[in-house]
2 protein chains.
Amino acid sequence: MVSLAERPGTGYEIGQQFTRSIGHFWSATHQQIYRTLKKLHTEGLVTFESVPQDGRPDKKVYQLSDSGRKALREWVESPVEPYHLRDELSVKLRAAEHGDPRVIIEEMRRHREIHTARLRLYQEFEKDDYPDPSVLTGRRLNQYLVLRGGIAVQTAFLDWCDEVIDALQARLPHN
Amino acid sequence: MVSLAERPGTGYEIGQQFTRSIGHFWSATHQQIYRTLKKLHTEGLVTFESVPQDGRPDKKVYQLSDSGRKALREWVESPVEPYHLRDELSVKLRAAEHGDPRVIIEEMRRHREIHTARLRLYQEFEKDDYPDPSVLTGRRLNQYLVLRGGIAVQTAFLDWCDEVIDALQARLPHN
DNA sequence: GTCCGCATGTAACTTGTTACATGATTTA
DNA sequence: TAAATCATGTAACAAGTTACATGCGGAC
């Protein structure tokens, strides 16, 4: 599963991270996080300290153990399954002959808008957080490169939406 | 789930389709297919005829029922969750500081090669099967557009791999 | 007085993967 | 004689989603 107990934190804080930056490339619900943390704990890869709080239930501040750090390094250096696209929109497009073309075009437009918004967001991150990429090293460089990947994919998707909309539109009868 | 019982066929034949064309955008194992077919059957969306064969077990030739065709049209016209990237390689890159940079670069190169090969394959499909896209309509057009999406994403991924390899390489010490 | 943020969890369900099992025919 | 192709399935597991549950403090 996941391993962003790189810096100590609570399950909730990890969830925050997912909804922010890294969540654009890998998401998880809080239930998944808590389950995973529990599992990692039984495997001895993380330790935690219960921090009592006024009123609220205890916080569990998790931290990587030595064996956890070792496991993380091994995971990072191990090969990954090459990325495999799994896009429902493509499947629908393929089956589009069974539906109203105008509805499909409308749906493609909707996706186009969503990907445009995401792309804009990523480009703002890029401009604000990494004004000069040539000086980046280490963690910051890696974060930047991941963001660049997001920009590349969103751009490709957006261009594809345009191509599809144009092609379908051109085949509409009265127009 | 899936709905490519568009034309009648056996579970096995559907599996073949997945390993060929559409499998590049949505894959399923044969177990999943059989389970789904069984479910669709209990829901009355498909019917089948058992065709006895010499030696081999019976073939089950599935076909969409009227309500299945209706459900398919509804599915095609219903909105989809916008595509969400889920790429483990990006997560690893983000955590790359915990591993040997040369191992990471090697892994990126491996992915680069895989995506290059896929892109070449798709481009061959494009050249051989759709020499003149401007005349396409209906099902063939949709198939072509899906293929174009695959090309777009593979190209983007490939370019990203190059960018990452270059950036990481430039930061290696002795070199 | 109701919603939002912090903080954690259980339970049930759906989806997807892996392993195992059968058994004939054709190809190398 | 070993493998690949055709053709179907059961069982167990892993991963991911959705619903439900608790409970305080602060903002509106």
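Just so we're on the same page: letters track the sequence lines, and every chain starts at 1. Atoms considered below: every heavy atom in the structure, side chains included; atoms not considered: hydrogens, waters and symmetry mates. Predicted model, so just to flag it, every value in this text is computed and none were measured.
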Please report, rounded to the nearest Å, how far the [atom2] atom of [N] is from the [atom1] atom of [X].
X	N	atom1	atom2	result
A/Glu43	D/dA14	CD	P	11 Å
B/Glu88	D/dA14	CD	C1'	14 Å
A/Lys59	C/dG9	NZ	C1'	17 Å
A/His84	C/dG16	NE2	P	13 Å
A/Lys60	C/dC6	NZ	C1'	15 Å
B/Arg86	D/dG16	CZ	C1'	7 Å
A/Asp58	C/dG9	CG	C1'	13 Å
B/His41	D/dT8	NE2	C1'	16 Å

Next item on the list: Take the C1' atoms of the five end pairs on each side of the helix from C/dG1-D/dC28 to C/dA28-D/dT1, get both axes, and report the angle to 10 degrees.
Entry: 30°

Note to self: Looking at D/dT17, I'd like to know if its phosphate oxygens (OP1 or OP2) sit under 4.0 Å from a side-chain N or O belonging to A/Gln32.
What the structure shows: yes

Qualifying salt bridge (charged side-chain N to carboxylate O under 4.0 Å, His left out) pairs with a residue from [range], counting only residues at least two apart or across chains:
range	result
residues 68-92 of chain A	A/Asp66-A/Arg69
residues 20-40 of chain A	none
residues 130-144 of chain B	A/Glu97-B/Arg139
residues 152-170 of chain A	A/Arg112-A/Asp162, A/Glu163-B/Arg148

List for me each residue that meets ring-ring contact (aromatic ring centres under 6.0 Å, His included) alongside [X], sequence neighbours excluded, and say none if there are none.
X	result
A/His41	A/Phe48
A/Phe25	none
B/His115	B/Phe157

Check: Do the rings of B/Tyr34 and B/His30 sit parallel, tilted or perpendicular, given the 30° and 60° boundaries?
Finding: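 Perpendicular, since the angle between the ring planes exceeds 60°.
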
Next item on the list: Would you jot down, in residue-number order, the residues of residues 9-24 of chain A having a non-hydrogen atom under 4.0 Å from DNA chain D?
Entry: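 Those residues: none at all.
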
Indicate every side-chain donor-acceptor pair of residues 11-18 of chain B with a distance under 3.5 Å to a residue at least two apart or in another chain.
from, atom 1, to, atom 2, distance (Å)
B/Tyr12, OH, B/Gln16, NE2, 3.4
B/Glu13, OE1, B/Thr10, N, 3.1

Check: Any chance the side chains of A/Gln154 and A/Arg120 put a donor and an acceptor closer than 3.5 Å?
Finding: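 No, no side-chain donor-acceptor contact under 3.5 Å.
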
Output a table of nitrogen or oxygen pairs between the protein and nucleotides 10-14 of chain C separated by less than 3.5 Å.
from, atom 1, to, atom 2, distance (Å)
C/dT10, OP1, A/Lys38, NZ, 3.2
C/dT10, OP2, A/Lys38, NZ, 2.9

Next item on the list: Could you name each residue pair satisfying ring pair (Phe, Tyr, Trp, His ring centres under 6.0 Å) that touches residues 131-155 of chain B, not counting sequence neighbours?
Entry: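 Those involving residues 131-155 of chain B are B/Tyr130-B/Tyr144.
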
